[in-house]
Amino acid sequence: MPVYKARVSRKIFVSQETGFGVFLARLEGARESRVIVGNLHALSVGDLLEIEGEESEHPRFGRQIKVSRFEFVKPQDAEGIVRYLASGRFKGIGRKTAQRIADHFGPATFEVLENQPERLREVPGLKKTAVAAIQESVRGSRVLRDLTVRLTPFGVGQETVYRIHREFGDLALAMVEGDPYQLIERIRGVGFKVADAIARAVGVARTDPQRLRAGILFNLQQAEFQRGDLFVPRDELLQKCAWLLDVDDADVFAVLQRLLERGELRLVELPEPCILTPQNELIETAAAQRLRRLARDGGAVDEPAIDFASVFATLALELTEEQKQAVLAAVRNRLTVITGGPGTGKTTIIRAIIEVLRANRRPVLVAAPTGRAAKRIEESAFCPASTIHRLLKFNPESGRFVHDARNPLPAGTVIVDEFSMVDSFVLFSLLQALSDDTQLIIIGDKDQLP
């Protein structure tokens, strides 16, 4: 890739979440400033850099250089050293303090900062608090650099390195080398294969319990997210883990037993011994209990006044006898499941149910698993619809839904279409958000997904 020398002239944007930055820089030998983008969180205005990257044309922001690698070019002249120190990179160093440090150490300033920061106490007039703040900044910068050098060969991107440093701070390198598998649970973007490559490189034994634990959890996760399985038969799990980790079944079995004893995993007889996470066991059990309670209390709904002739007139269509029975079941019971293949009239049934509920002044909410499915209901049933996540008001910061058992949905009836696409967690969350007197009408195709 092309290599440029550039001086940063303005900060446009830096994400504290990912470390992605956008800066304006003046390239050596170029008349115009250029936009540079990449994992540039460490930059400050005035920095002199050697950058490596490709030019590209952004459809909205125009020409820019995507930086794949950069190095600081440390200034050698007195004014450059002062400007670098006072750039905001080091806490506690303003223009006057920077001048004092540069005057005292001269060309050896950077050597002192990097390798002997305790010597800053020699600078006349420099307060202890300022020395401590500078030392902390230098230490953090060094840890981030060492972390980058350590992890980049294993395919860990700069954005992920930044997240690791932000999570663990000065202890990042020690934590990574001590137990790299914790990165899987703590850092978004690190999976088992990356963590395992790091672990093997830092000398973690093939049969280390932490490695075997990570392999077991990884296989359970793969079963859930790739195949939709909430549990895995124990013997199958042992076989897969032994193959993945290149160890004996007995080694995996010993660690699995410890995980079961500590409650990190659960064993159920279905009828063969099967392994699942406590969360999935809770979700499935609680959802089943809630559905059973709704079905058992089905007769508690007030009998609605149904005038099908009025419904037909409003909808300008006829209902078959089977469709009428579906509508009757839906408006009379607390829990109803309506299933049918393509072209069997499910949309017509939804329209009729909504019309009957409206005529009886019952508030109704309509949802689907995806935005596309919700839009299709809106267009065909002439009723506002949303995704289930939007219905429950998902909060990305907390990772929780606003509507739950303590704050149920304000609706007498909830209709959910395309239900075969709803996963266990969303089903559990939806059921938790229903009050005891809410009707739930589930519509879908039993043959669409297993």
Side-chain angles (χ1 to χ4, degrees), residues 1-12 14 19 21 23-34 36 38-53 65 67-152 158 161-162 165 169-170 172-174:
M1 291 185 184
V3 177
Y4 310 88
K5 276 195 174 178
R7 186 176 294 280
V8 178
S9 53
R10 183 159 64 93
K11 180 174 82 171
I12 298 173
V14 172
F23 289 82
L24 196 64
R26 182 172 290 279
L27 303 186
E28 189 178 76
R31 298 176 63 184
E32 296 179 354
S33 293
R34 300 292 296 280
I36 59 174
N39 289 287
L40 307 174
H41 54 86
L43 299 190
S44 297
V45 173
D47 285 347
L48 185 61
L49 311 170
E50 182 178 272
I51 61 175
E52 188 177 293
I65 298 174
V67 178
S68 60
R69 182 193 65 82
F70 71 87
E71 289 182 7
F72 292 109
V73 179
K74 291 168 183 168
Q76 300 302 314
D77 61 290
E79 177 57 31
I81 293 172
V82 171
R83 190 165 57 239
Y84 182 87
L85 294 177
S87 63
R89 172 179 287 98
F90 304 103
K91 294 177 182 176
I93 300 185
R95 179 78 188 184
K96 289 183 179 179
T97 303
Q99 188 69 59
R100 284 197 199 117
I101 294 172
D103 288 346
H104 187 81
F105 295 113
T109 297
F110 293 115
E111 172 66 24
V112 171
L113 287 175
E114 285 285 327
N115 301 311
Q116 298 173 295
E118 66 281 357
R119 286 190 60 197
L120 289 168
R121 300 190 189 97
E122 300 173 11
V123 179
L126 196 58
K127 296 180 180 177
K128 289 183 180 179
T129 53
V131 171
I134 295 166
Q135 286 179 307
E136 184 182 344
S137 297
V138 171
R139 189 165 55 247
S141 178
R142 186 188 298 125
V143 169
L144 184 57
R145 184 189 61 212
D146 293 345
L147 202 60
T148 301
V149 171
R150 197 80 170 94
L151 299 183
T152 300
Q158 186 64 41
V161 172
Y162 178 77
H165 181 255
D170 291 348
L173 199 55

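Quick caveat: nothing in here was measured; it's all calculated off a predicted structure. Keep in mind that the numbers below use all heavy atoms, side chains included, and drop hydrogens, waters and symmetry copies.
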Here the pair of heavy atoms bringing A172 nearest to H165 is CB-CA, 4.2 Å
Any side-chain heavy atom of I65 sitting closer than 4.5 Å to one from L27?
yes
Sorted by chain and number, sequence neighbours left out, salt bridge (charged side-chain N to carboxylate O under 4.0 Å, His left out) with R34 holds for E55
Tightest non-hydrogen contact, residues A25 and I36, listed as CB-CD1, 4.1 Å
One should read off an interatomic distance between F23 CZ and I51 CD1, to the nearest 0.5 angstrom, of 12.0 Å
With sequence neighbours left out, the residues meeting side-chain hydrogen bond (donor to acceptor under 3.5 Å, both in side chains) with E79 are R95
Closest non-hydrogen atoms of V8 and L49, given as atom of the first, atom of the second and distance, are CG2-CD1, 3.8 Å
Applying salt bridge (charged side-chain N to carboxylate O under 4.0 Å, His left out) to D170 and not counting sequence neighbours gives R139
The side chain to side chain contact (heavy atoms under 4.5 Å, CB included) partners of K96 (sequence neighbours excluded) come to none
Heavy atoms of R26 and S33 approach each other most closely as NH2-OG, 3.8 Å
Taking every heavy atom of V82 against every heavy atom of A98, the minimum-distance pair comes out as O-CB, 3.6 Å
The side-chain hydrogen bond (donor to acceptor under 3.5 Å, both in side chains) partners of E122 (sequence neighbours excluded) come to H104, R119
For R121, the salt bridge (charged side-chain N to carboxylate O under 4.0 Å, His left out) test, sequence neighbours excluded, returns none
